[in-house]
Structure formats: structure tokens, C-alpha cells
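Below is one structure; the comments refer to it alone.
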Amino acid sequence: MRTAVVVFPGTNCERDVVYALGVLGARADLVWHRETDLSSFAGVILPGGFAHGDYLRTGAIARFSPVMDSVKAMADAGQPVLGICNGFQVLCEAGLLPGALVANRDLSFICRPVHLRVESTDSILTRSATVGDVLEIPLNSYEGNFVVPEADREALHTVLRYSDAQGGVDDDANPNGSFHNIAGVANRRGNVAGVMPHPERAVEDLLGSTDGRILLESYLASLAPIHV
Amino acid sequence: MSEPIHRQLGMTDGEYDAVVGILEREPRPAELAMYSVMWSEHCSYKSSRAWLGRFPTEAPWVVVGPGENAGVVDLGDGWLAAFRIESHNHPSFVEPYQGAATGVGGILRDIFTMGARPIAVWDPIRFGSLDDPKNRYLFSGVVSGIAGYGNAVGVPTLGGEVEFDDVYAKNPLVNVMALGLLRREQLVLSAASGVGNIAVLLGAATGRDGIGGASILASASFDEASAEKRPSVQVGDPFEEKKLIEACLELYDRGLVVGIQDLGAAGISCATSESAANGGMGMDVDLDRVHVREADMTPGEILMSESQERMLAIVTPEDLDVVLALAAKWEIDASAIGTVTAGPQLKVMHRGELVAELPAASLSDDAPLYHRPVAVPEYIETAWATEVELDLRDVPNVLLQLLDDPAIGDASWIYEQYDHQLFLNTVIGPGHDGSLLRIKGTDKGLAVSTDGNGRRCYLEPRAGSARLVYEAALNVAVTGAKPLAMVDNLNFGNPEKPGVMWQFTESVEGMSEACEALGIPVVGGNVSFYNETDGVDIFPTPVVGLLGLADPMPQSPPRLDRAEDGMDLWLVGDDERDGDLAGSAVARVLGAPHVGRPASPDPAAARSAVETALALAHVAPVLHDVGRGGLAVAVAEICIRSGVGCDLMEREASSWFEESPHRLLVATAKEDGPPAASAKRIGTFTGTNIDFGTHGSVSVADAASTWRQAIPRRLH
């Protein structure tokens with residue numbers, strides 16, 4: 001069961017995602033954004049980077065890339081669709097996830113490991129984890145500040161929140177000003193998920209953390225149509 | 001009467017006469033523009049070339065030495081590394097964000113021109129004091145520019161170094177080093193060959209930006225009017241560069257290029273003439289084929305434009321359609337602008353008119369070569385005759401002042417703005433002595449350290465420059481990597497002053513001697529002269545970029561944060577030397593007169609320290625070079641990062657801050673005993689204080705908060 005990793009012009013984490021899935025024994029193929037047929041794939045990941053240079057607004061042009069119709073079709077069919085960092089921004093712009101990601105509270109790029117607390121396991125990103133687990137995963141973004149309109153808040157399906165090392169969620173543990181410390185969300189069905197930090201950067205001890213494994217393993221375990 | 005055009009372009013009358021001699025006629029306007037830039041200091045190295053031959057450049061593992069776009073060394077098992085260092089000093093002073101950003105973009109092109117995928121960037125940067133708002137603007141602008149371009153282009157920035165000194169206030173130094181990785185069969189060179197082959201211009205459209213950047217900005221001194229030179233600063237587009245990288249790497253993979261050259265200083269005129277000259281060929285170029293941003297550009301503007309994100313590929317006529325299709329796939333523009341000829345002339349047409357016809361090689365090979373006068377500057381005699389006098393008895397207080405220094409304090413305000421993890425290679429990232437990257441699928445690791453020390457080099461350019469090489473060697477050795485090859489960025493003042501030329505020649509000699517002592521070849525470099533504003537020269541500031549190879553790479557390389565309660569702290573290296581406070585960090589931070597003569601290095605001790613570090617890197621949890629701020633700062637850095645105190649043995653107060661070279665700190669478990677025969681135990685990690693015995697103590701918490709706030713508290 002193969003994963004499509006979508007490459008927009010300006011995407012840069014595509015090889016890292018393929019590599020990390022490979023470390024976990026799974027296969028993934030790079031797919032150029034002009035591809036329109038993803039029918040041979042069981043799931044799709046939109047990786048991090050700067051799709052179309054992030055021009056106009058992050059994800060604003062990428063949502064119109066030809067591949068996005070197939071991504072939407074997979075989402076509708078209940079197949080796993082995961083957006084990481086810039087991929088999360090694209091999914092929000094495409095209307096597959098609620099909210100949007102805007103400039104960090106301090107208006108500067110943040111590249112450092114952060115702690116995340118698992119809030120829900122009803123998603124392709126967290127199904128193998130346990131609620132309350134605290135994971136250390138690198139954050140790497142300028143527009144990582146999650147905002148969501150009033151109307152969408154009640155139905156919001158939060159899966160990961162920024163916390164301290166003990167799992168405490170407060171302002172001090174919020175690196176970028178995200179609403180309710182939100183780092184990851186899913187749709188109601190749980191098959192479409194977005195996460196701001198990079199789980200693919202935390203799969204080997206040599207690089208500092210293996211806490212990203214549980215998230216990618218959740219995704220891999222979802223590679224059959226799921227019915228949450 | 002206005003100045004003759006050649007003088008406005010920065011050429012001397014003698015240089016103009018040389019052009020007339022080559023062409024046997026008066027140059028056309030476009031030709032004069034081409035010579036003026038290609039013969040500028042920045043492009044021709046006319047003041048430095050006579051001395052650069054001193055550097056040792058050969059070793060069995062050198063694949064490409066100085067002269068190409070980047071140096072290339074053999075890592076074994078078919079792997080090669082390409083690396084280079086460059087400066088973007090003057091553009092960054094005029095426009096910090098774009099100056100720094102285009103510096104990153106430019107050096108990346110030098111790397112992927114060689115066939116390598118760029119995998120990391122380092123940025124050694126220097127500014128005036130952060131107490132001045134102008135310097136804060138320059139510093140934060142440069143960091144944003146590096147982050148903005150580097151992050152978006154998708155190449156991690158692994159750190160570098162930072163210094164603050166008012167000598168850089170009107171002439172900040174923004175150097176950038178890049179590293180690329182490639183398989184041996186992917187190596188590409190710049191030479192054009194094959195009569196009838198096509199020159200294809202790839203990437204961004206050519207506009208009016210950056211015209212004369214190399215000659216006007218990079219090759220002249222600065223004064224009040226320099227802000228008017230802002231139109232000479234190029235504007236970068238990392239998105240365009242990212243697409244260009246991917247397109248070029250695919251062109252190489254598919255064997256579609258005969259040769260390739262990036263467009264940097266002097267744009268199309270440099271790229272076409274260098275490709276042709278390097279292949280011993282000529283080229284016919286048609287400027288009407290160039291994709292431009294504005295319709296009415298003059299031929300001179302098209303030729304000299306330094307618009308960013310462009311490459312010139314030489315391809316066969318049979319492959320042309322495939323190459324254009326591949327460019328279209330990556331959504332970059334491409335135009336066939338020229339044809340390789342038997343030479344030796346470079347002929348440039350514009351709207352049916354011949355605008356330039358000159359021997360391609362004359363732009364580089366016939367460039368002027370100056371043997372400028374050299375004389376010991378006046379300040380040296382006085383400085384060397386004066387002792388540094390400092391009251392260092394209050395050790396804890398002096399240490400806190402050092403930790404509060406923005407050049408010594410926590411640099412995470414800088415490097416957390418850089419993506420330093422992309423590509424999943426970063427084993428040791430910023431904030432340590434040297435960076436360490438693994439090469440996936442192998443047991444190998446690559447280490448890099450960039451090192452400069454303008455204050456020490458000002459007082460003793462030869463010893464100071466040699467010590468940079470030794471320090472960089474130790475910084476890579478503590479990660480387990482053997483020093484392999486070096487590049488250097490020689491930032492100096494006005495070469496027309498004999499004292500500056502003395503600093504330069506002494507520095508080259510010192511670095512060369514150290515490279516010879518350690519068997520390190522120099523595979524590339526850059527000279528940045530005219531770092532002078534309002535008649536004041538910067539300190540001579542050579543910056544070395546050293547590449548090391550760890551094979552095998554330690555599975556758990558030493559880190560600063562791995563000291564634990566109960567471990568012993570050892571000092572390896574000569575602890576009996578006379579004090580070395582001249583040019584030291586403590587002398588600067590305490591505001592002492594800038595005098596004294598820094599200690600000379602000891603090549604045998606340097607070799608021994610590197611060998612010891614290489615052996616210990618596979619076993620010791622902590623291994624740390626003693627550098628800026630001496631022993632006290634080195635110990636404090638381990639305590640802060642590891643979150644543990646240290647009981648230190650008695651020693652003379654000043655010896656905590658002296659910066660004698662070739663010394664290492666090692667932490668080991670108590671039962672392991674001395675880590676090396678020459679090791680001397682100087683303390684034990686325990687408790688929550690850094691305890692200097694009778695000199696007093698400071699809590700790790702206070703040290704840490706001072707250290708963490710050193711940069712942020714000056715910015716907010």
C-alpha cells in the first residue's frame with residue numbers, strides 16, 4: 001500500500017517524508033503537482049516547504065494545483081490525507097481542514113523542538129498514540145499560528161496541542177500564538193489531518209528524538225479506508 | 001567636465017589603455033562595461049592573486065582545487081563534497097535583508113553548478129555594537145535575510161559565528177559558506193566545448209537590478225553617499241532558485257549538459273566569457289534571445305545585469321528540445337542565447353548590431369595583476385611593546401560579563417530562525433563547536449567549522465590567522481572528523497594601503513603554515529578588499545571554513561549537554577603557557593586598550609590536540625574546544641547546557657580567561673580515569689554552582705539566564 005507524497009514547486013520536505021516512512025518500512029513515491037490520477041495510492045501526504053513560494057499567502061496557489069482534485073477525492077473516499085507544516089496550510093486553504101495558519105505571534109521563524117500533547121486518538125495522525133502522551137517534535141515554520149473562526153470552533157477536532165514537557169498546556173508552552181495551543185487538527189471523520197511540527201524529523205535517535213514515529217505509524221496503520 | 005566613462009566604471013587610466021591594447025581600438029560601450037566588471041577587484045583578484053599561490057592546494061583527495069566555482073574533495077566510496085565560501089559585505093550594509101539573502105542564493109548556485117545538491121549553509125557574520133540602533137537594524141536584517149532565503153530555498157543553515165565590534169559598524173561582514181554532496185559521476189565543470197553546441201540561459205528573466213554590483217559595491221570603499229548605491233543591490237527570489245536547483249539536478253541526472261556556469265557578478269558577460277575561455281572556445285551570443293523583464297534594456301544592461309537565479313548551460317543541439325521541455329516542467333524560463341564557436345572571440349549581437357567582439361579569455365586571463373606595496377603598519381610596534389593589564393580577580397563577576405556578551409552568549413535567537421534540520425542529516429547542529437552531518441546510507445559524517453577572530457588578527461595577523469586554522473581543526477575533530485580541506489574568506493581593508501597589504505600577506509602566510517602543519521589543502525576562497533568606510537579599515541578578518549570527514553562517524557558524538565553529576569572534568573593541552581590575553585574576549589568585554597601580542601601557535605601541540613580529540617570523540621560524552629573567553633567560558637557552556645554545576649580546582653584568576661591555543665575540555669565518568677596521558681583534572685561536575693574555590697562561585701541558573709539573554713535583551 002503506497003503513499004503519494006505531493007511535490008509542489010517550492011516543496012522541500014518531500015524526500016525527508018519518503019525517507020522517514022522508509023525507516024518505518026513503508027513505501028512512498030513522489031508525485032508532481034500536475035499529476036491528476038492518484039488512484040494507485042492508498043494515502044497521500046502533503047509535505048512541508050514553500051509551495052509556489054508561499055506567494056500571495058501560504059497554500060493560496062497550491063490549492064489550485066491540478067493534483068488537488070484527486071487529494072479531495074481521496075479525502076471524500078475516507079482515505080488518509082495528511083498535511084505536515086506547509087501541507088497543513090494547503091489543506092486549510094483547500095477547505096479540507098478548518099481554520100488557517102498565520103504569522104507567528106513574535107513575527108519570526110521558529111526552528112526548534114517543541115512538546116505536543118495528544119488530545120484525541122480518533123485520527124489518522126494519532127490513532128496509535130494514547131490521549132495525554134507528550135511527544136517532542138521539531139517545529140519549523142513562520143506561519144504556524146493556528147486561527148479558526150468562531151463558527152468552526154465548536155466542531156473543531158483538535159488532535160495535538162503545544163504543551164510543556166510534562167503535558168501542561170498554557171501560554172508559556174505556546175510557541176507561536178496558536179488558538180488554544182493547537183498544533184494539529186483533523187476533520188470529523190479523522191481521515192484528513194494536519195500538523196504543524198514535523199514528525200518526519202523525529203524518527204531516529206541519532207537526530208535527537210523518535211517521538212515522531214507514533215504519528216507516522218498512526219498514518220501507516222490507517223492505509224485502508226477507515227471508519228472512525 | 002565630467003569624469004571619463006571608464007573612471008566612472010571604476011577603471012584606472014592604465015587599465016583603460018590595456019583594453020585599447022587588447023582590442024587595438026577604442027572599446028565599444030558594452031565592451032568597456034564588460035572589462036570594467038571582469039577586471040574589478042571582486043572578479044579579478046588583481047591585488048591578491050600574486051599572493052594566493054602561497055596556499056597549499058594539493059592532496060590526493062582533492063578532486064577540484066581553487067579556480068572553479070567550488071572546491072571538491074573525495075570522501076571515499078564514490079562520494080564527493082563540494083564547498084565554497086563567499087562574502088556579501090557591502091550589499092548587506094546597503095540593504096541588509098536582500099544583501100544577505102542574495103549572498104545565500106549566490107553561493108548555492110556555485111555548489112549546484114558543480115553537480116552537487118547543496119545540503120547546508122553556514123553564516124559567519126560581524127557587526128558593530130548592538131547598543132546602536134543602526135547595528136541592531138543591520139544585524140536583525142541580515143539574520144532575516146539569511147533565514148528568509150535559506151528556509152524558502154530549502155537548504156538548512158547550520159550556524160556559523162557572530163562577532164560584534166565597532167570596527168564593523170560601518171562595514172559589517174556577511175560571509176556565507178555552502179556545502180554540497182554528490183556522487184563522483186555527477187561532477188560537472190564549467191567549460192564549454194563542442195563547436196555548434198548551444199548556450200541556454202535558464203531561470204529568472206534578466207532585469208535592471210544589480211548592474212555594476214561587483215565593481216561598484218564590492219570593489220570600492222564606502223562613504224556617506226553609499227546609500228545611493230542601493231539600486232546596485234540585487235533582489236533575490238528563493239522560489240525561483242529552488243526550481244532552478246531541481247531543474248539543474250535533473251539535467252545532470254539525465255546527462256543533458258556539456259558544461260554549466262552560474263550567473264553572478266557581471267551576469268551574462270561573465271558566464272559566457274568564462275564558459276568559452278575555460279573550454280578554449282569562443283561564443284556567439286544574441287542578446288535579443290535573452291528573456292528580459294523590460295523591453296527597452298540597452299545591450300550593456302543586459303550583459304551586466306546581476307539579476308539573480310540564472311544559469312548558463314551548454315547543451316548539444318540534439319538535446320535542446322529535451323532541455324527546454326525539462327525547464328518547462330520545472331516552470332522556469334529558458335532561452336537558447338548563444339552558440340559555441342571555435343573561438344577565440346566572444347561576439348555579442350543586439351538588434352542586428354555587433355555590440356561586442358573581444359577575445360573571450362582576455363576578460364579573465366588578461367586582467368591586471370598588481371604587486372601593491374607592503375609595509376608594517378605603525379600601530380604594530382606600540383601594540384607589541386605594551387602589556388595587557390586587566391583586573392580579573394573577581395572571577396564569577398568577570399565570567400558573568402563574558403556570558404552577557406552577545407558574541408559569547410546563547411546564539412539561539414539567531415539560529416532558531418534558520419531551518420537547521422532539513423534533509424535529516426543534522427547530527428550536531430548550531431550551538432556546538434562544529435556541525436556534524438551524517439551521509440545517509442554510509443558510516444560517514446561531514447563536519448564543518450567556520451572561524452574568524454579579527455581582533456587577534458589585527459594584533460598578530462600571521463599567528464592570529466594560523467590559530468584560526470588550528471581552532472577550526474579542533475572544532476571539527478571534537479565531532480570525530482579528521483580535517484580534510486579548507487576554504488577561506490579573506491576580509492580586509494583597502495589594499496592600496498601598504499599596512500593593509502602587510503596584514504593580508506602575513507595572514508596568508510600564517511594560514512598556509514598551519515595548513516601545511518596539519519596537511520590541509522586549501523580548495524577555494526574569496527578575497528574581499530575595500531572593507532573600509534570613511535577611511536577606516538576593518539580589522540583584518542580572514543574567516544576559515546574547514547571541512548572534516550568522520551569515517552566512521554561516532555554513533556554518539558560528544559555534545560555540550562551530556563555532562564552529569566559525578567563526572568570528572570579534564571583539561572588536555574599545555575596548561576603552563578604564559579598568559580594569552582592580547583586580542584582576547586575578556587580584554588574586549590572589559591574595555592581594555594587593544595594592545596599586546598597574541599601567542600604564536602605550536603604546530604606540534606596543535607597536531608597532538610587534534611589527534612587526541614579524534615580518539616576521544618568516539619568515547620567521551622563531552623569534548624569541548626577552549627576558545628573565546630577561555631577556560632571559564634568553556635566550563636560554563638558545559639554547565640549551562642548540561643544543567644549541572646562544577647567544583648573547580650584552584651588556579652590563578654587570570655588563567656580562567658586566557659585564550660592559549662590547542663586546549664580541550666573533556667568530561668568522563670569517574671571510573672574511567674584520565675582520558676589522555678597529558679590530561680589534567682581540573683574539576684568535578686556536581687551541585688548547582690560553578691565553583692571557582694577561593695575566587696568565589698556563580699549559580700548555573702544565574703549563568704544560564706545571563707547567557708540566554710545576551711542577545712535578546714539588547715534587541716527588545
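Here is how names work: the chains are called A, B, and so on, in the same order as the sequence lines, proteins then strands, and each is numbered from 1.
Top candidate by heavy-atom pairs under 4.5 Å with chain A, chosen from B:Gln417, B:Glu416, B:Lys440, is B:Glu416. Looking only at heavy-atom pairs under 4.5 Å with chain B, the residue among A:Glu200, A:Arg34, A:His198 that has the most is A:Arg34. Listed options B:Gly154, B:Pro238, B:Ala152 were ranked by heavy-atom pairs under 4.5 angstrom with chain A; first place goes to B:Ala152.
Within 6.0 Å of atom CG in B:Asp443, 12 or fewer heavy atoms from other residues, nucleotides or ligands are found, so the atom counts as exposed in its surroundings. In this structure, A:His180 places its NE2 atom where only 12 or fewer heavy-atom neighbours from other residues, nucleotides or ligands lie under 6.0 Å away.
Relative to the six-membered ring of A:Phe50, B:Lys242 misses at least one condition, a distance below 6.0 Å or an angle of at most 45° to the axis.
Both the backbone and the side chain of B:Asn151 come within contact range of chain A, each with at least one heavy atom under 4.5 Å from a heavy atom of that chain. Residue A:Ser141 does not touch chain B at all, counting heavy-atom pairs closer than 4.5 Å. Contacts between B:Glu331 and chain A at a heavy-atom distance below 4.5 Å involve the side chain alone, from C-beta outward. Residue contact with chain A, scored on non-hydrogen atoms closer than 4.5 Å, involves the backbone and the side chain of B:Lys329 alike. Using a 4.5 Å cut-off between heavy atoms, B:Glu246 touches chain A through its side chain atoms alone. For chain A, the nearby parts of B:Phe423 are the backbone and the side chain; heavy atoms of each come within less than 4.5 Å. Heavy-atom distances place no part of A:Tyr142 under 4.5 Å from chain B, backbone and side chain included. Residue contact with chain B, scored on non-hydrogen atoms closer than 4.5 Å, involves the backbone and the side chain of A:Arg201 alike.
Contact record, B:Thr426 with A:Leu207: O-CD2, 3.4 Å, taken as the closest heavy-atom pair. Between B:Gln555 and A:Leu206 the shortest heavy-atom distance is O-CD1, 3.7 Å.
Between B:His716 and A:Asp106 there is no side-chain heavy-atom pair separated by less than 4.5 Å. Under the 4.5 Å side-chain criterion, counting only non-hydrogen atoms from C-beta, A:Asp16 is not in contact with B:Gln421. Looking at heavy atoms from C-beta onward, B:Arg117 lies in side-chain contact with A:Arg15 at the 4.5 angstrom threshold.
The structure places CG of B:Asp419 at 9.0 Å from SG of A:Cys85, a figure rounded to the nearest 0.5 Å.
Using cut-offs of 30° and 60° on the angle between ring planes, the pair B:Phe239 and A:Tyr55 is perpendicular.
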